[in-house]
Chemist: 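Supplied in structure tokens, the structure appears directly below.
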Amino acid sequence: ARGSRNLSVLQEELDKLALALRLITNNQTNATPVSEEDVTEICASTRTYNAFNFVDAALDRDIKRALEVLGAIFDRGIADGDKAGKIVTIEGSIAMLILGALTWKLSQLQDLRAALDNGQSEQTVFASAKIFGFRQESFRRSLSKHSCASLRHCMESLFYANMNLRRGGQQAQEILETLAWNIAKS
């Protein structure tokens with residue numbers, strides 16, 4: 001299920017599983033068979049996230065989840081959406097991927113909110129923005145939590161986070177944590 005029909009991602013997951021299981025069996029003299037629960041736990045504890053996992057949690061105002069995802073991203077790297085199976089670990093690159101995803105989604109949300117507030121139907125708005133399937137549900141959740149004013153505040157927070165990253169002096173993770181808090185309060 002985690003391989004999403006992509007052989008590179010599947011190979012990466014199997015490699016992580018093999019490494020984790022090798023460590024478990026090397027530390028035990030009488031190794032026991034590995035259960036399905038063991039595999040599930042190992043996969044969950046080595047999960048990688050993409051930028052939209054953080055963006056969705058932050059815009060849904062789920063600060064606990066947003067900070068958990070952000071911590072995992074900076075600990076394990078971020079999945080590169082353009083290159084399946086590739087993990088980005090450079091802090092500055094991680095921050096730019098997240099800011100890019102957030103900029104895209106906030107722009108989309110502002111356009112969607114404006115169209116909905118002007119009386120267009122949700123179906124028409126989503127179709128014109130080419131947002132289908134599971135992404136529609138993500139946008140619906142975010143739209144239910146934000147007004148035009150709160151989306152403007154989110155954009156301002158994004159701008160300040162970008163400026164702070166360029167200015168230096170703070171760690172990228174600290175800046176993105178502050179950004180998540182500011183979005184949640186918007």
Side-chain angles (χ1 to χ4, degrees), residues 1-6 9 47-74 76-88 91-167 172-186:
R2 299 235 351 242
S4 66
R5 296 183 180 170
N6 184 310
V9 174
R47 179 170 184 202
T48 55
Y49 294 95
N50 65 37
F52 285 101
N53 298 128
F54 169 76
V55 168
D56 290 342
L59 288 171
D60 290 348
R61 295 185 170 143
D62 186 349
I63 194 69
K64 180 179 183 260
R65 183 169 168 263
L67 294 177
E68 285 173 1
V69 169
L70 191 61
I73 285 173
F74 279 97
R76 299 180 203 125
I78 189 169
D80 186 342
D82 294 332
K83 299 175 186 162
K86 185 175 188 290
I87 305 297
V88 176
E91 274 193 29
S93 297
I94 289 171
M96 288 300 118
L97 286 169
I98 290 172
L99 292 183
L102 185 57
T103 301
W104 179 82
K105 187 154 184 187
L106 278 172
S107 298
Q108 290 285 359
L109 285 169
Q110 285 182 315
D111 292 345
L112 293 171
R113 172 55 55 210
L116 289 169
D117 288 350
N118 285 331
Q120 292 185 23
S121 74
E122 185 179 273
Q123 183 179 3
T124 303
V125 170
F126 282 138
S128 67
K130 295 184 173 90
I131 298 172
F132 305 102
F134 73 94
R135 291 230 184 265
Q136 277 186 358
E137 194 53 42
S138 169
F139 276 91
R140 267 191 204 98
R141 270 193 326 270
S142 296
L143 284 168
S144 71
K145 309 224 181 217
H146 292 280
S147 65
C148 282
S150 70
L151 289 170
R152 234 183 347 270
H153 290 293
C154 291
M155 271 298 201
E156 289 172 6
S157 297
L158 172 65
F159 173 76
Y160 288 119
N162 190 15
M163 294 303 294
N164 288 334
L165 282 167
R166 293 178 186 278
R167 202 174 312 161
Q173 186 171 355
E174 292 174 35
I175 293 170
L176 293 174
E177 286 171 353
T178 302
L179 174 61
W181 281 105
N182 289 339
I183 288 172
K185 293 187 301 186
S186 66

Chemist: Could E68 and K64 be called an ion pair, given the rule that one side-chain N must be under 4.0 Å from one carboxylate O?
Modeler: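 Between K64 and E68 there is a salt bridge, with a charged N closer than 4.0 Å to a carboxylate O.
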Chemist: So which atom in C154 and which in H146 form the shortest heavy-atom distance, rounded to 0.1 Å?
Modeler: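 Closest pair (atom of C154, atom of H146, distance): SG-CE1, 3.8 Å.
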Chemist: Looking at side-chain heavy atoms only, is the closest gap between I87 and R76 below 4.5 Å?
Modeler: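 Counting from C-beta outward, I87 and R76 never come under 4.5 Å.
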Chemist: Within the side chain of N162, is there an N or O that forms a donor-acceptor pair under 3.5 Å with the backbone of L158?
Modeler: no
Chemist: Within the structure provided, determine whether L112 and F126 are in side-chain contact (heavy-atom separation under 4.5 Å).
Modeler: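 SC-SC contact between L112 and F126 confirmed.
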Chemist: Is any side-chain heavy atom of L106 closer than 4.5 Å to a side-chain heavy atom of L59?
Modeler: yes
Chemist: Give, for atom CD1 of I73 and atom CG of L67, the distance between the pair rounded to the nearest 0.5 Å.
Modeler: 11.0 Å
Chemist: Shortest non-hydrogen contact from Y49 to A72?
Modeler: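 Where Y49 meets A72 most closely, the heavy atoms are CE1-CB, 3.4 Å.
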Chemist: Walk me through whether V125 and I131 qualify under side-chain contact (heavy atoms from CB on, under 4.5 Å).
Modeler: CA-CA 9 Å; V125 170; I131 298 172; over 6 Å; no
Chemist: Let me confirm one number: the CZ-OG distance from R61 to S186, rounded to the nearest 0.5 Å.
Modeler: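 Going from CZ on R61 over to OG on S186, the span is 4.5 Å.
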Chemist: Can you find a heavy atom in the side chain of Q108 that is under 4.5 Å from one in the side chain of S142?
Modeler: no
Chemist: Pick out which of D117, L109, D111 makes a side chain to side chain contact (heavy atoms under 4.5 Å, CB included) with R113.
Modeler: D117
Chemist: Please evaluate residues L179 and L99 with respect to the criterion side-chain contact (heavy atoms from CB on, under 4.5 Å), reporting the C-alpha separation (whole Å), side-chain torsions for both, the decisive distance (0.1 Å), and the verdict.
Modeler: CA-CA 10 Å; L179 174 61; L99 292 183; 3.9 Å; yes
Chemist: Quick one, M96 and L165 - any side-chain contact, counting heavy atoms below 4.5 Å?
Modeler: yes
Chemist: Indicate the atoms forming the closest heavy-atom contact of I94 with G77, along with that distance.
Modeler: CD1-CA, 4.4 Å
Chemist: Compare every heavy atom of A58 with every heavy atom of I183, then report the nearest pair and how far apart it is.
Modeler: CG2-O, 3.3 Å
Chemist: Among residues two or more places apart or on two chains, list those pairs meeting salt bridge (charged side-chain N to carboxylate O under 4.0 Å, His left out) that have a residue in residues 140-149.
Modeler: D60-R141, E122-R140, E137-R140
Chemist: Please test Q110 against M155 for side-chain contact (heavy atoms from CB on, under 4.5 Å), starting from the C-alpha separation and ending with a verdict.
Modeler: CA-CA 10 Å; Q110 285 182 315; M155 271 298 201; 3.5 Å; yes
Chemist: Can you tell if the side chain of I78 reaches within under 4.5 Å of the side chain of I98, non-hydrogen atoms only?
Modeler: yes
Chemist: Taking all non-hydrogen atoms of both residues into account, name the closest pair between T124 and S121 and its distance.
Modeler: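 Nearest heavy atoms, T124 then S121: OG1-OG, 2.7 Å.
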Chemist: Say you draw a straight line from CZ of R166 to CD1 of I175; how long is it, rounded to the nearest 0.5 Å?
Modeler: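 These two atoms lie 11.5 Å from each other.
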Chemist: Could you walk me through whether L70 and E177 pass the side-chain contact (heavy atoms from CB on, under 4.5 Å) check?
Modeler: CA-CA 8 Å; L70 191 61; E177 286 171 353; 3.6 Å; yes
Chemist: Regarding D56 and K105, does a basic nitrogen lie under 4.0 Å from an acidic carboxylate oxygen?
Modeler: yes
Chemist: What I'd like to find out is whether the side chain of F74 reaches to under 4.5 Å of the side chain of L176, using heavy atoms alone.
Modeler: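 A side-chain contact under 4.5 Å exists here.
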Chemist: Kindly compute the distance separating OG (S157) from CZ (R152), expressed to the nearest 0.5 Å.
Modeler: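 Atom-to-atom, S157:OG and R152:CZ are 12.5 Å apart.
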